[in-house]
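Atom set for the values below is all heavy atoms of this structure, side chains included, hydrogens, waters and symmetry mates excluded.
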Amino acid sequence: MTLGQRLKEARKKKRLTQSDVAQTLGIDFTTVSKHENDKYEPDVETLKAYAELYEEELSYLLTGEYGKDDKSGTQALDSNQKGYTVEDILEMADKIPMKEGLPPLSKDAADELRMLVKMWMRSQENQEQK
């Protein structure tokens with residue numbers, strides 16, 4: 001399996017479109033397509049962003065084998081990122097008192113919240129860089 005095939009597989013596992021990924025990473029959707037079709041290799045920073053977005057080990061995306069990366073998805077979004085990880089935010093959300101009768105977050109709801117937080121954090125990073 002190629003890098004592009006692994007990127008596509010990881011995206012589909014997360015039930016994301018190429019447009020979703022492009023918007024989150026701040027790149028054009030045609031670039032995502034080129035990466036997935038092995039027409040263009042992502043740079044290191046983009047590859048790290050893919051790994052974070054897909055909650056996948058960087059070593060797996062590169063080689064198809066799991067290494068020593070943290071595959072739990074609890075790492076910070078960027079090694080320079082200060083603050084909370086997505087998992088920290090979800091844990092805090094579980095502790096917020098809910099109105100009577102509302103159920104706790106389901107796995108699907110937690111996954112959606114995780115994706116929204118990542119998209120928001122990525123957009124904040126992109127705005128700070130401008």
Interatomic distance, T24 atom OG1 to E52 atom CD [nearest 0.5 angstrom]: 12.0 Å
Separation of Q18 CD from T31 OG1 (nearest 0.5 Å): 10.0 Å
S59-E57 side chain donor-acceptor pair, cut-off 3.5 Å: yes
Does [X] reach the side chain of [Y], with side-chain heavy atoms less than 4.5 Å apart?
{"X": "T17", "Y": "F29", "answer": "no"}
{"X": "Y50", "Y": "L58", "answer": "no"}
{"X": "V32", "Y": "L7", "answer": "no"}
{"X": "L47", "Y": "L3", "answer": "yes"}
{"X": "R6", "Y": "E56", "answer": "no"}

Minimal non-hydrogen separation, Y54 against V21, with atom names: OH-CG2, 3.4 Å
K48 bridged to E45 by N-O distance under 4.0 Å: yes
Working for side chain to side chain contact (heavy atoms under 4.5 Å, CB included), residues Y40 and H35: CA-CA 5 Å; Y40 186 78; H35 292 160; 3.3 Å; yes
Qualifying salt bridge (Lys or Arg N to Asp or Glu O under 4.0 Å) pairs, either residue in residues 18-44, two or more places apart: R11-E36
